Amino acid sequence: MVSPLLVTATLTSLSFMLIGFDNGVIGGLTGAPSFNRVLNYPTGKTLSTIVAIYEVGCFFGAVIAFSLGERLGRKRSITLGGIFMAIGAALQAGAVNVAMMIVARIVSGLGMGIINSTAPVLQAEVSPAASRGRYVCAQLSTLNFGIFLAYWLDFGMTQRYVGEVAFRFPLAFQLVIIIPIIILSFVVYESPRWLALHGRDQESLEVVAALLQVPVGDAEAQQRFKEIQDAVAYEKSVSAESWTQLFKQDKLQTRRRLLIACSVQFFQQLGGINGIIYYCNFVFSSSLGFSSYKASLMSGILFTWFFVASFIPWFLIDTLGRRQLLIGSVIAMTIIFAAMTGATHQIQHAASNAHSMGIFAAALSFLYLGSFTVGFQATVWVYPPEILPLQIRAKGTALATCCNWIINFAVVEIFPIAIDNIGWKTYIIFTVFNACFVPVMYLFYPETKGKTLEEIDLIFSPDHMMTIADAKQSVTADEKREFA
């Protein structure tokens, strides 16, 4: 029998592969003659909108997840997102003008926003505490594989074909990933924590036992289910049931935890990663002076390295932990952007060492993506659903995802304009941003490795209780004193 946990991991990994593929696929097609011919040779501003409008769709998809995700549950939310994505992929592949392509990318974005808000929550809620980080690392490896696949598929198709198939096939290829996601969303178990929160205790217990692959009456299954029950009862006793609870500093420290979840997604985009991913061809040709073919080839090699490097944190995230990887990664990214500033300054001023600085800057791009994937990327998708309390986990993760996509849109829209207008100084901005993230992370981000989601609640407990049962008893005692 196939492990239910493995089936869930396959679903969430495919979801992340789709994120990567969709992030990478359009960037490699914008220079294709057939793409530009069909869309009537869009100007730079129009082309930028075609690329970036997807992020707007993702933002509103995350808003849908925020509004409906908790009612729909994890499974049905992913199904809904998959249906939107299938429609959007078909429309993109069949687009005959700019308007149709923009609408298609918005529809795809709606689906991605829903999936992106839900898949990390589902994986976090079914994974064992000791290996939860490794399951998330599997997701990021498939995300990077999606980028790698999209880029090389684009490169091969645009180099080999001159007709419309050169861009239509890569866009239609999304369906190869989307259809299995929709099918698996009907197969996987619902989150036991969501079931318990909605009063479906027997189903929750059955899912816990299935995930552990033991009978319902097994002591371990009963104990894990009891911890979930206690956590649900504790959270309900100290937190109001309304959307305003997201912003209240209650006994669960909900507001602080929401700010942590949103900030880590916010910081990811302001750190400059998607400026590099979406426009690596542009960077290699414009900032570093490479020929078009050489820039394309270097971009493909860069994304291959990005995928390979994503396996490194598999062995670190549940040993070194989230904090050390995250802070170390951001420090490295700060240093790399500072060095990139100096290198591109020399290149753009045609200094005598411009050629060697071009080689140095290309090497820095590899170091940057390696540093990002080992630390920041490994953490950014596991941290929000881990850090948020159960009652607001779906809404809070969706809100954090909104932060991710709206800043992603801003960076993708502004980055090429900044390179055109202020050149090498663009990298100073990202250097400063990354440097500012370090003290915030050091002071406010707790370690979560090896802890169950219920134990993470205790980090934020005002009395630092040893168990959820103790915390629940403490709340009951407070209520008795209040009404005495």
Side-chain angles (χ1 to χ4, degrees), residues 12 14-27 29 47-69 72 74 77-92 95 101-122 139-140 142-144 146-147 150 171 174-175 177-178 181-182 261-262 264-279 377 380-381 384-385 394-415:
T12 57
L14 282 172
S15 300
F16 273 78
M17 181 178 170
L18 185 61
I19 295 169
F21 189 89
D22 270 43
N23 271 356
V25 70
I26 197 70
L29 300 176
L47 200 57
S48 179
T49 300
I50 290 170
V51 173
I53 199 69
Y54 172 73
E55 273 72 37
V56 175
C58 290
F59 171 80
F60 284 106
V63 171
I64 292 172
F66 175 86
S67 304
L68 301 177
L72 289 175
R74 317 315 186 215
S77 292
I78 292 175
T79 305
L80 178 63
I83 292 168
F84 272 117
M85 291 243 37
I87 295 169
L91 289 174
Q92 285 184 72
M101 181 62 77
I102 287 175
V103 170
R105 287 186 60 74
I106 291 172
V107 173
S108 284
L110 290 173
M112 179 52 67
I114 297 169
I115 291 174
N116 199 198
S117 299
T118 309
V121 176
L122 177 62
Q139 295 174 0
L140 85 88
T142 53
L143 186 154
N144 289 359
I147 297 172
L171 292 173
Q174 296 173 78
L175 292 166
I177 311 170
I178 295 167
I181 288 173
I182 295 173
C262 290
V264 73
Q265 291 280 15
F266 190 84
F267 292 168
Q268 175 191 208
Q269 296 304 331
L270 283 184
I273 181 59
N274 275 323
I276 301 294
I277 288 177
Y278 275 83
Y279 294 108
Q377 190 187 29
V380 73
W381 294 112
K395 287 184 177 179
T397 302
L399 194 58
T401 305
C402 286
C403 293
N404 171 75
W405 288 115
I406 202 66
I407 300 302
N408 190 345
F409 169 76
V411 171
V412 170
E413 188 77 16
I414 293 169
F415 185 81

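All values below were derived from every heavy atom in this structure, side-chain atoms included, with hydrogens, water molecules and symmetry-related copies excluded. None of the values given here were measured: they were computed from a predicted structure.
Not a single donor-acceptor pair under 3.5 Å links the side chain of Thr118 to the backbone N or O of Ile115. Under the 3.5 Å distance criterion, the side-chain polar atoms of Arg105 are left unmatched by any main-chain donor or acceptor of Gln92.
In terms of the side chain to side chain contact (heavy atoms under 4.5 Å, CB included) criterion, residue partners of Ala95 (sequence neighbours excluded) are, by chain and number, Met100, Met101. Evaluation of the side chain to side chain contact (heavy atoms under 4.5 Å, CB included) rule for Ile106 yields Ile53, Ile102 as partners, not counting sequence neighbours. Listed by chain and number, the residues in a side chain to side chain contact (heavy atoms under 4.5 Å, CB included) with Ala398 are Ala65, Phe66, Ser117 (sequence neighbours excluded). The side-chain hydrogen bond (donor to acceptor under 3.5 Å, both in side chains) test applied to Asn144 returns Thr373, Gln377, not counting sequence neighbours. For Ile178, the side chain to side chain contact (heavy atoms under 4.5 Å, CB included) partners two or more places apart in sequence, or in a different chain, are Leu18, Met85, Ala86, Ala89, Gln174, Leu175, Ile182.
Phe16 CZ to Thr142 OG1: the interatomic distance, rounded to the nearest 0.5 Å, is 7.5 Å. Taking CG of Leu14 as the reference point, atom CD1 of Ile78 lies at 11.0 Å (rounded to 0.5 Å). Separating the CE atom in Met17 from the OG1 atom in Thr12 is a distance of 13.5 Å, to the nearest 0.5 Å. Atom-to-atom distance recorded for Cys403:SG and Phe267:CZ is 10.5 Å, nearest 0.5 angstrom. Between atom CD1 of residue Ile19 and atom CG of residue Asn116 there is a gap of 4.0 Å, rounded to the nearest 0.5 Å.
Pairing each heavy atom of Phe59 with each of Cys402, the nearest pair is CD1-O, 3.5 Å. What you find for Pro385 and Val121 is that their closest heavy atoms are CB-CA, 4.0 Å. Minimum heavy-atom separation, Thr401 to Gly113: CG2-O, 4.4 Å. Contact detail for Ala150 and Gly24: the closest heavy-atom pair is CB-C, 3.8 Å. Of all the heavy atoms in Ile114 and Ile64, the pair that sits closest is CD1-CG2, 3.9 Å.
Within the 4.5 Å cutoff, the side chain of Ser77 has no heavy atoms near those of the Leu68 side chain. Within the 4.5 Å cutoff, side-chain heavy atoms of Ile177 are placed close to those of Phe21.
Within the structure, side chain to side chain donor-acceptor pair (under 3.5 Å) contacts touching residues 264-273 (residues at least two apart or in different chains) are Gln265-Gln268, Gln268-Asn404, Gln269-Asn274, Gln269-Asn404.
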- [ ] Before giving the answer on side-chain contact (heavy atoms from CB on, under 4.5 Å), spell out for Tyr54 and Asn23 the whole-Å C-alpha distance, their side-chain angles and the decisive distance to 0.1 Å.
- [x] CA-CA 9 Å; Tyr54 172 73; Asn23 271 356; 4.0 Å; yes

- [ ] List the steps, then state whether side-chain contact (heavy atoms from CB on, under 4.5 Å) holds for Val25 with Leu171.
- [x] CA-CA 7 Å; Val25 70; Leu171 292 173; 4.2 Å; yes

